[in-house]
Amino acid sequence: MLRLPRPPVKLTLTLAAVLFATSVLGIGLLRAATYTPTPAAGAPWPSTSVPPTGTPGKCGTVPVKAARELRGMWLTTVTNIDFPSKRGLTQAQVKAEYQRWLDLAVAQRHNAIFVHVRPSGDAFWPSAYAPWSEWLTGKRDGKSPGWDPMDYMVKEAHARNLEFHAWFNPYRGTQPGPVGPGADFAKLAPNHPLLAHRDWAISYPKGDTARLYFDPGIPEARKFVEDSMLEAVQKYDVDGVHFDDFFYPYPKAGEDFPDNASYAKYGAGKARAQWRRDNVDTLVREMDERIKAMKPWVKFGISPFGIWRNYANDPDGSQSRGLESYDAIYADTRKWVQQGWLDYIVPQLYWTIGFAKADYAKLLPWWTALTKGTNVQLYIGMADYRIGEEGAWSDPAQLDRQMVLNDQAGVQGQVHFSAKQIRADRLGAVTRYRDKHYASPALLPRMARLPAAPPQAARLVSATRFDKGVRFQAEAAGATSWALYRVAGASAALVATGRAGAEVVDPAPPAGPVTYCLSGLDRSGNEGPVSKPLTTS
């Protein structure tokens with residue numbers, strides 16, 4: 001009998017850990033523990049013939065310096081607010097428009113984009129659960145436009161080293177008339193799921209602004225909604241799953257959400273408000289669990305209304321006097337953070353500094369205190385759309401001042417609403433905050449709760465100057481993206497980033513000899529050792 005060699009101790013321990021993870025933690029966490037990211041765009045890095053060496057965090061003898069923050073914008077598709085500019089455009093027109101939005105993101109030195117791919121029970125991909133979005137096709141016939149926008153959008157974002165967060169509205173089934181079908185079943189696409197499951201549909205409110213909702217109180221409807229979103233996670237290389245603040249609808253005076261039937265069947269004697277909160281809690285918790293079981297590296301985040309509860313009604317609430325998401329739309333946002341059901345949260349702080357009912361300077365500390373000590377990262381939803389309104393929003397420095405407070409509070413990023421407002425740059429306010437806060441590139445914040453696989457040390461092989469910059473031959477095996485540092489004085493600053501396989505270039509080098517270093521990063525933002533320095537002649 002052939003005797004097999006005894007495995008080394010390290011391998012034995014690794015196998016034991018895998019068996020433990022399988023039996024105790026489950027398959028999802030096992031995949032998280034053993035996942036090795038691969039480049040999401042661009043050709044593979046060439047294999048190096050010389051083993052690269054480098055030092056973590058240092059370019060030669062000086063430390064490397066890079067901002068770590070998420071910078072993004074919401075690209076809204078519903079009613080063609082941002083994109084596509086109108087319904088029924090050709091494939092070439094849609095692609096060209098999307099390219100221009102990505103160009104804007106790059107010009108703003110963003111590193112993420114949040115694209116509205118399920119605005120109201122529809123889809124921007126070929127879905128078994130939802131009709132094609134009329135905001136794309138221009139029709140409600142459910143017929144394919146003949147191409148896959150989601151596949152294109154994800155790949156093009158990655159080619160520019162932008163994270164792609166797929167933005168979903170879980171329970172919205174339609175948009176109000178006359179632009180949308182409202183609550184009229186006869187106006188739905190033939191394959192709309194609420195035609196096949198009318199018992200899942202709730203119309204609210206009454207009148208011209210009515211729309212259809214999937215009833216959050218019906219477990220089968222909730223699972224269907226989850227499945228419809230997870231279909232996109234399974235099919236596409238998305239970096240994040242993103243919700244905004246639409247769960248139960250915002251209330252209309254004198255009208256309650258008409259969920260008597262589901263409450264009678266599933267309420268189990270609970271107070272209706274608490275039952276509704278429990279329904280939303282279940283959606284959030286299950287989505288977190290199911291995403292991590294499917295693709296552990298995909299981030300899950302929510303952008304809620306900026307007030308959980310007011311201090312006057314709850315000593316744990318914020319110093320504010322506005323609508324309370326806990327009571328009005330049954331969104332217990334504080335609980336989601338405390339339970340760790342999210343990877344990040346983006347409260348919409350759409351008010352000015354000093355606004356009496358909801359002071360930005362008072363709400364920000366509440367959110368920073370809530371997230372402190374948790375694994376939930378805090379980004380802030382910024383109200384670019386309000387620039388130019390009367391009063392405090394007529395000050396072009398308002399967003400700049402808010403971002404100064406964010407920096408002082410240790411906020412880990414911003415998401416701006418929305419893309420069209422960034423492009424408009426009213427009062428020059430966007431240029432103002434970009435030049436002050438986004439003057440240099442930034443790496444994404446490391447997310448400790450996600451899989452980590454820092455690549456080996458990168459290598460700069462050679463450098464060539466051309467009229468607009470310096471081009472490098474480089475290697476970074478196993479990296480998803482790269483970071484290029486340039487030495488200036490006692491440190492080396494980040495000057496460019498890119499996706500694996502993309503050309504490494506310093507677009508604006510100074511004259512004379514310059515010293516550079518390169519590092520590779522994994523999909524979760526973990527940085528490998530920095531290369532040996534290379535000095536250009």
Side-chain angles (χ1 to χ4, degrees), residues 67 69-83 85 100-101 103-110 112-114 116 244-246 250 303-308 310-311 318-325 328 345-368 378-440 442:
E69 66 175 345
L70 181 134
R71 302 170 180 172
M73 64 183 181
W74 281 291
L75 186 64
T76 312
T77 59
V78 65
T79 66
N80 304 106
I81 290 175
D82 293 324
F83 163 79
S85 59
R100 288 194 289 273
W101 288 120
D103 290 344
L104 175 66
V106 170
Q108 294 299 121
R109 302 184 188 91
H110 287 185
I113 190 165
F114 297 73
H116 217 180
D244 56 25
D245 56 334
F246 296 127
Y250 281 88
S303 178
F305 185 74
I307 299 173
W308 172 69
N310 298 315
Y311 180 80
S318 54
Q319 294 288 345
S320 51
R321 293 184 286 113
L323 179 142
E324 300 165 298
S325 63
I345 194 162
V346 194
Q348 298 170 19
L349 301 190
Y350 291 170
W351 305 285
T352 55
I353 297 170
F355 179 59
K357 290 186 177 181
D359 185 343
Y360 189 99
K362 294 180 179 179
L363 283 163
L364 179 64
W366 187 90
W367 285 101
T368 55
L378 176 64
Y379 317 140
I380 301 298
M382 308 298 294
D384 293 53
Y385 76 101
R386 300 201 65 183
I387 297 169
E389 292 181 7
E390 292 183 2
W393 284 112
S394 64
D395 177 5
Q398 179 65 221
L399 290 178
D400 169 25
R401 292 166 55 210
Q402 292 180 3
M403 291 169 69
V404 169
L405 295 180
N406 293 353
D407 292 342
Q408 293 170 350
V411 169
Q412 291 172 283
Q414 288 87 209
V415 187
H416 299 267
F417 188 82
S418 66
K420 182 181 289 187
Q421 314 304 328
I422 294 173
R423 185 176 64 188
D425 193 14
R426 288 196 295 271
L427 308 181
V430 172
T431 296
R432 184 187 186 104
Y433 73 66
R434 181 199 65 196
D435 290 349
K436 183 171 180 179
H437 299 274
Y438 299 164
S440 301

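Note: hydrogens, waters and symmetry copies are ignored here, and every other heavy atom, side chains too, is used.
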Contacts of Asp425 meeting salt bridge (Lys or Arg N to Asp or Glu O under 4.0 Å) (sequence neighbours excluded), chain-then-number -> none
Given 3.5 Å as the limit, does a donor-acceptor pair link the side chain of Asn310 with the main chain of Gly322, or not? yes
Distance check, rounded to the nearest 0.5 Å: Gln414 atom CD versus Leu378 atom CG? 9.5 Å
When you check the side-chain N and O atoms of Ser303 and Asp244, is any donor under 3.5 Å from an acceptor? no
Should Gln421 and Ile387 count as side-chain neighbours, where that means a heavy-atom distance under 4.5 Å? no
Does any N or O in the side chain of Asp245 come within less than 3.5 Å of the main-chain N or O of Pro304, such that one atom is a donor and the other an acceptor? no
Out of Tyr433, Tyr385, Trp74, which residue meets the side-chain hydrogen bond (donor to acceptor under 3.5 Å, both in side chains) rule with His416? Tyr433
With a 4.5 Å limit on heavy-atom distance, are the side chains of Tyr438 and Met403 in contact? yes
Closest heavy-atom pair and its distance - Asp359, Gly354: OD1-N, 2.8 Å
Could you please spell out the steps behind the side-chain contact (heavy atoms from CB on, under 4.5 Å) verdict for Arg401 and Asp395? CA-CA 10 Å; Arg401 292 166 55 210; Asp395 177 5; 3.6 Å; yes
Crowded around Tyr250 OH? As in, over 12 foreign heavy atoms under 6.0 Å? yes
Backbone N/O of Arg109 and side chain of Arg434: donor-acceptor pair under 3.5 Å: no
List in chain and number order the residues that pass side-chain contact (heavy atoms from CB on, under 4.5 Å) with Ala358, two or more places apart in sequence or in another chain; answer none if no residue qualifies. Ile307, Trp351, Phe355, Leu363
Side-chain donor or acceptor of Trp367 paired with backbone N/O of Gly306 under 3.5 Å: yes
Separation between OH (Tyr379) and CG (Leu70), nearest 0.5 Å, reads 5.0 Å
Separation between CD of Glu389 and OG1 of Thr352, rounded to the nearest 0.5 Å: 9.5 Å
Minimum heavy-atom distance Pro396-Leu427, with the two atoms named: CB-O, 3.5 Å
From Leu104, Val430, Asp384, Asp82, residue fulfilling side chain to side chain contact (heavy atoms under 4.5 Å, CB included) relative to Arg423: Leu104
What are the two closest non-hydrogen atoms of Pro365 and Thr368, and how far apart are they? O-OG1, 2.9 Å
Please check: side-chain N/O of Gln398 versus main-chain N/O of Ile353, any donor-acceptor pairing under 3.5 Å? yes
Point-to-point distance, once rounded to the nearest 0.5 Å, from CD1 of Ile422 to OG1 of Thr431: 11.0 Å
Minimum heavy-atom separation for Asn80 to Lys420, with atom names? O-NZ, 4.4 Å
Search all heavy atoms of Arg71 against all heavy atoms of His437 and return the closest pair with its distance. NH2-O, 3.5 Å
For Gln408, what residues pass the side-chain contact (heavy atoms from CB on, under 4.5 Å) criterion, not counting sequence neighbours? Val404, Leu405
Nearest 0.5 Å please: distance from the CE atom of Met73 over to the CZ atom of Phe114. 11.0 Å
About how many Å separate CD of Gln348 and OG of Ser325, when rounded to the nearest 0.5 Å? 10.0 Å
Mind checking whether Ile380 and Pro347 have side chains closer than 4.5 Å, heavy atoms only? yes
